[in-house]
Amino acid sequence: MEGYEKFKTDIYNLTKIDLNAYKEQQMKRRIDSLIGKHKCKSYTDYVGIIKSDKEAFEEFVSFLTINVSEFYRNPEQWKLFDTEFMPELIKKFGRKLRVWSAACSTGDEPYSLVMAMSKHLDLSQIHIIATDIDKQIIAQAKVGLYNEKSVAHVPDEFKKKYFTKVGKSYQIDEKIKKCVEFRQHNLLRDDYIKDCDLIVCRNVLIYFTDDAKFEVYSKFADSLKKTGILFIGNTEQIMNYATLGYKRRYSFYYEKEKEKYEVEI
């Protein structure tokens, strides 16, 4: 199907989503599948549909967003968060931590953060800013209803305390939901949250180009306070972390050691 370059421009003008930041072969395959579902003969025809049909527009944004998420993904990383990083963050920054869960998808990650932090802080002291590009997914996160697979790694103490069984699904407690403020945010376009003590962005940037990854990790560094922590996914790594001012603590934890390009005296 021809005209993909024009399609990318049309989509940016319509949604402010920059498809150039994604790996093209994978993204184009996903888009072509969706276009086929609507029986469109060209990219131009499909752009016409999403311009005029609100449901088709929302479907398109949701379809592009990779939403494979679960609570406490990679439990060993969360154990390290509990035993080492939470005590350290409280010691350095106090009990009112400024925490950003970026590309939060269906809310599994920010809600996991609240529960993990609740072992060290009262719920009244916890406030997470959680952002995602997809407002449909944010709406789903606010509902807080999850399937059995999503909550499989939730520690038993939290599953009993903070979830209610609804049929085969699990509803998260309102007390946890009140600790999370959801906002729509585009990592490649919008202004970043500043003065963060902790930023969590896991298993998302693997879908970005190297240039887009560099841009996002650079902006995260600007957003963190000095000695703040960036928690990323186990499938990701920051190749040039020292250039950006990070110190690598573990394969998925990075500390902002200094400002970018700061000269040591």
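Below, each value reflects all heavy atoms present in this structure, side chains not excepted, and no hydrogens, waters or symmetry copies. No experiment lies behind these values; they were computed from the predicted model shown.
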Flag if over 12 foreign heavy atoms under 6.0 Å of CG, D191: no
Check: H127 side chain, V180 main-chain N or O, donor-acceptor pair, under 3.5 Å: no
Rounded distance (nearest 0.5 Å) linking atom OH of Y217 with atom CE of M239: 11.0 Å
Separation of S150 OG from N147 CG (nearest 0.5 Å): 4.0 Å
Step-by-step salt bridge (charged side-chain N to carboxylate O under 4.0 Å, His left out) determination, E5 to K8: CA-CA 5 Å; E5 290 302 315; K8 289 192 289 186; 3.1 Å; yes
Reported OG1-to-CG distance for the pair T9 and N20, which is rounded to 0.5 angstrom: 7.5 Å
Donor-acceptor contact present, side-chain R95 to main-chain H120, <3.5 Å: yes
Aromatic plane relationship, Y253 with F81 - under 30° parallel, 30 to 60° tilted, over 60° perpendicular: parallel
Sidechain N-carboxylate O distance under 4.0 Å for K149, E70: no
Euclidean distance, L97 CG relative to K225 NZ, rounded to 0.5 Å: 8.0 Å
Atom NZ of K6: over 12 foreign heavy atoms under 6.0 Å: no
Test item: N186 side-chain N/O and I133 main-chain N/O as donor-acceptor pair under 3.5 Å: no
Pairing of E174 and K177 as salt bridge, 4.0 angstrom limit: yes
Residues in salt bridge (Lys or Arg N to Asp or Glu O under 4.0 Å) contact with R249, at least two apart in sequence or another chain: E84, E88, E255
E181 and R183 ion-paired at < 4.0 Å: yes
Within one Ile-Leu-Val-Met-Phe-Trp-Tyr cluster: Y241 and L205, side-chain cutoff 4.5 Å: yes
Closest contact, heavy atoms only, F208 versus K213: O-CE, 3.3 Å
Check: Y43/D32 side-chain N/O donor and acceptor closer than 3.5 Å: yes
Check: H38/E59 side-chain N/O donor and acceptor closer than 3.5 Å: yes
Cluster link V143 to I172, ILVMFWY, side chain under 4.5 Å: no
Side chains of D211 and T209, donor plus acceptor under 3.5 Å: no
Inter-residue atom distance Y46.OH - D10.CG, 0.5 Å rounding: 13.0 Å
I129 and S101: CA distance, side-chain angles, deciding distance, side chain to side chain contact (heavy atoms under 4.5 Å, CB included) verdict: CA-CA 6 Å; I129 301 171; S101 175; over 6 Å; no
Distance-only donor-acceptor check, side chains W78 and S112, under 3.5 Å: no
Charged N-O contact under 4.0 Å between K219 and E215: yes
Aromatic plane relationship, Y111 with F71 - under 30° parallel, 30 to 60° tilted, over 60° perpendicular: parallel
Ring centers of Y170, Y146 separated by less than 6.0 Å: no
Candidate pair L123 and I176, rule side chain to side chain contact (heavy atoms under 4.5 Å, CB included), full reasoning: CA-CA 8 Å; L123 287 178; I176 299 296; 4.1 Å; yes
From OH (Y72) to CG (D82), nearest 0.5 Å: 7.5 Å
Aromatic ring pairing F252/F231, orientation class (parallel under 30°, perpendicular over 60°, tilted between): tilted
Sidechain-backbone polar pair: E58 side chain, E55 backbone, donor-acceptor under 3.5 Å: no
Lys/Arg cation over aromatic F57: K51, 6.0 Å, 45° cone: no
Main-chain N/O of V204 paired with E236 side-chain donor or acceptor, under 3.5 Å: yes
Donor on one side chain, acceptor on other, R202 and Q77, under 3.5 Å: yes
Path from L14 to L188 over hydrophobic side-chain contacts below 4.5 Å: yes
Test log, rule salt bridge (charged side-chain N to carboxylate O under 4.0 Å, His left out), inputs E109 and R73: CA-CA 8 Å; E109 208 131 80; R73 181 187 291 185; over 6 Å; no
Backbone N/O of T227 and side chain of K92: donor-acceptor pair under 3.5 Å: yes
Stepwise side chain to side chain contact (heavy atoms under 4.5 Å, CB included) test for Y254 and K247: CA-CA 6 Å; Y254 292 81; K247 175 171 68 175; over 6 Å; no
